[in-house]
Every structure is written in C-alpha cells, then in structure tokens.
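Everything numeric here is computed off the predicted structure, so don't read it as measured data.
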Amino acid sequence: MKTLRMLSVLVLLLSVASAAWAVCPNAVGTFSYLNGSLLGGRVSEAWCNGAPGQPGNTENAMSWDGVALGTQWKVWDQAVDAAGPQLLSDTVNGSGNGTRLYRTYYEGGQFWLSKDGAWGNGIDDLTGPITSCVVDVTLTFIGGQIVGANSNVNMTGSFDNCSSGCLIDYAISNAALVWMPGMGTMPGGFPSFLCGATLGELFNACCPLLHISCVVADQDSEWGAVKSLYR
C-alpha cells in the first residue's frame, strides 16, 4: 500500500512538472492591430556587414505602445540569408527615378509574446523560433537616391515547450522606412542595432496581423463535434 501511495505521488508530481513545462497559447485565432489586440511596432535592421542589403544584416523588432518598446511582443535575430535581396522588378529610368522591388529571405530569429496579450494566460510568456521570414520591399528612387522604402513582412513560427503543436501560421506587417544614413539625425526610441553594428535602417511597423493555431485544440474541437452527434 505504501509503495502504491509513493507511485501515485510520483505520477502526480510528474504530471504537474509536465504541465508546468508545457507552455502553450491560452487562446488561438487572429489577433490584429485593427481590433486592438496587437500593437504596432518599431524595427531596426543592423548593417552587420557595413552596407544595406548584405547577407547577415540582422533585424530587431519590438512592439511600441507610444511610450515604451517591447511591452507586448518582440522579434529579433533574423538575418538576411546568403543569397541576399533578389530583384523582382525595376522601373528606375535613366534619370534615376522609379522603383525597385526586392524579395529577401531571412534565416533564424526568435519571438517573444507577453503573457498579458490576448493569447496569454497572465502567467507564462510565450517564446519560440521563427521558422520562416520573407520581406518584399519597394524602394523609391529620385535622382538615383532612395527616398522611401515600404516593406511587406511575412513570418511563421513555433512555440517552445508546447505539446499541443501550436504554431504562428502567419504574422504579417507593413514597414515604412523612417531613417537610414544620409537622412538627417537618427531618431531615438527604436530597437538597438544588433551584431555590434552602429549603422543601419529604422522602420515603423504598421497594422500587424497574427494568426495562432494549435493542432490538439483543433482535434479536441472536432472530437467534441463528433460526440455531440450521438447524444
């Protein structure tokens, strides 16, 4: 009997430890800037190799609530892959006026979501690796000089220590260039440049959209629907 009690206690402790280790989103679905559940943000891209668009240049993005950085979400350490930006279209004329569209693939990176976000349980922050990141940027040129850059950012990710197969199916944002060398005084209040760089680009991230799903949650929902047919 004593042995059985000890086994029961051990099983209970293992169950509690397993539950504590599994950190999954408390809510799934779509979170967005438009419905107020997701903050916009600010972004820096460090020129780790001394120039824009170089492999290894690294991003650092954080939410911005108008006062403080990084209170709701952070995405950092995704670096331009070895291929670098790929030119998709070019309308720049002989006078140096027009646009160029580039697609860039990034490697690596991590994300952090606050426990206090609409997806959270108020106890556990959520973290995980970025599994893909693709940025399409349109550069506007006048007289051969870049005067604007607007990006469409698409990312996916998976959650650390989550046994429910939860994923960031997509995170989409638009980003507008705020500053780069040659555009006056660098403004404050942006994420720092990573990789020890002192130069880079700064962007405002507008109107982000985030979708989270969990495999087990979906299966449980489907099983509940099946059971309801036989009640």
Side-chain angles (χ1 to χ4, degrees), residues 22-46 57-80 104-137 149-162 164-179 187-195 197 200-215 217:
V23 181
C24 302
N26 194 53
V28 298
T30 302
F31 309 94
S32 76
Y33 179 85
L34 295 178
N35 66 21
S37 59
L38 194 63
L39 292 172
R42 291 182 166 183
V43 185
S44 72
E45 179 159 316
N57 285 359
T58 304
E59 294 206 348
N60 190 13
M62 300 182 186
S63 63
W64 171 251
D65 63 7
V67 177
L69 288 167
T71 60
Q72 189 188 56
W73 57 263
K74 301 176 187 178
V75 182
W76 72 97
D77 236 14
Q78 57 281 39
V80 176
T104 304
Y105 293 89
Y106 289 75
E107 297 177 327
Q110 300 286 318
F111 69 85
W112 170 89
L113 297 175
S114 169
K115 62 183 181 297
D116 299 317
W119 46 77
N121 59 12
I123 300 172
D124 303 301
D125 291 332
L126 302 171
T127 61
I130 298 298
T131 52
S132 71
C133 179
V134 183
V135 178
D136 288 340
V137 58
N150 290 283
S151 302
N152 294 316
V153 183
N154 292 270
M155 291 186 299
T156 62
S158 60
F159 290 87
D160 290 330
N161 308 323
C162 177
S164 298
C166 296
L167 300 171
I168 294 178
D169 296 305
Y170 55 81
I172 302 170
S173 181
N174 296 320
L177 179 67
V178 173
W179 181 87
F190 281 78
S192 60
F193 294 128
L194 299 180
C195 69
E201 300 158 282
L202 303 177
F203 299 84
N204 280 330
C206 174
C207 314
L209 185 71
L210 170 69
H211 188 271
I212 297 173
S213 69
C214 296
V215 172

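Here S44 contributes atom OG and L194 contributes atom CG; the two are 5.5 Å apart, rounded to the nearest 0.5 Å. Note that OG of S151 and CG of D136 are 8.5 Å apart. Values are rounded to the nearest 0.5 Å. With rounding to the nearest 0.5 Å, the separation of CH2 in W179 from CZ in F190 is 11.0 Å. To the nearest 0.5 angstrom, Q110 atom CD is 7.5 Å from D77 atom CG. Note that CG of L209 is 9.5 Å distant from OG of S173, once rounded to the nearest 0.5 Å. One distance of note links SG of C162 with CG of D124; it measures 11.0 Å at 0.5 Å rounding.
Contact of the P187 side chain with the V178 side chain is registered, since non-hydrogen atoms from C-beta on lie closer than 4.5 Å. At least one side-chain heavy atom of F31 sits under 4.5 Å from a side-chain heavy atom of L210. A 4.5 Å side-chain heavy-atom check between K115 and L126 finds every atom pair outside the cut-off. With contacts defined as side-chain heavy-atom distances shorter than 4.5 Å, the pair L39/W64 does not qualify. Between P191 and L202, the closest side-chain pair of non-hydrogen atoms is not below 4.5 Å. At a threshold of 4.5 Å between non-hydrogen side-chain atoms, the residues Y106 and V80 count as touching. Contact of the N174 side chain with the N150 side chain is not registered, since no non-hydrogen atoms from C-beta on lie closer than 4.5 Å. Side-chain contact between D169 and T156: absent, with no pair of heavy atoms (C-beta onward) separated by less than 4.5 Å.
Looking at every heavy atom in both residues, S114 comes nearest to W112 through CB-CH2, 3.6 Å. When all heavy atoms of A205 and V43 are compared, the closest pair comes out as CB-CG2, 4.1 Å. Listed here is the closest heavy atom pair of A27 and I212: O-CG2, 4.5 Å. In plain terms, the two heavy atoms of N57 and E45 that are nearest each other are CB-OE2, 3.8 Å. For C214 against P25, the heavy-atom pair with the smallest separation is SG-CD, 4.3 Å. Counting all heavy atoms, side chain and backbone alike, C133 lies closest to M155 at SG-CG, 3.6 Å.
For the pair N60 (side chain) and S192 (backbone), a donor-acceptor distance under 3.5 Å is present. Between the side chain of Q72 and the backbone N or O of G40 there is no donor-acceptor pair closer than 3.5 Å.
Between Y170 and H211, the angle of the ring planes stays under 30°, which puts this pair in the parallel group of the 30/60° scheme.
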Checklist entry - What's the verdict on ring pair (Phe, Tyr, Trp, His ring centres under 6.0 Å) for W73 and F111, showing C-alpha distance, side-chain angles and the deciding distance? => result CA-CA 7 Å; W73 57 263; F111 69 85; over 10 Å; no
Checklist entry - Passes side-chain contact (heavy atoms from CB on, under 4.5 Å), T58 versus F193? Steps please. => result CA-CA 8 Å; T58 304; F193 294 128; over 6 Å; no
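No hydrogens or angles considered: nothing links the side chains of Y105 and Q78 as a donor-acceptor pair under 3.5 Å. With hydrogens and angles left out, the side-chain atoms of S158 and T131 include no donor and acceptor closer than 3.5 Å.
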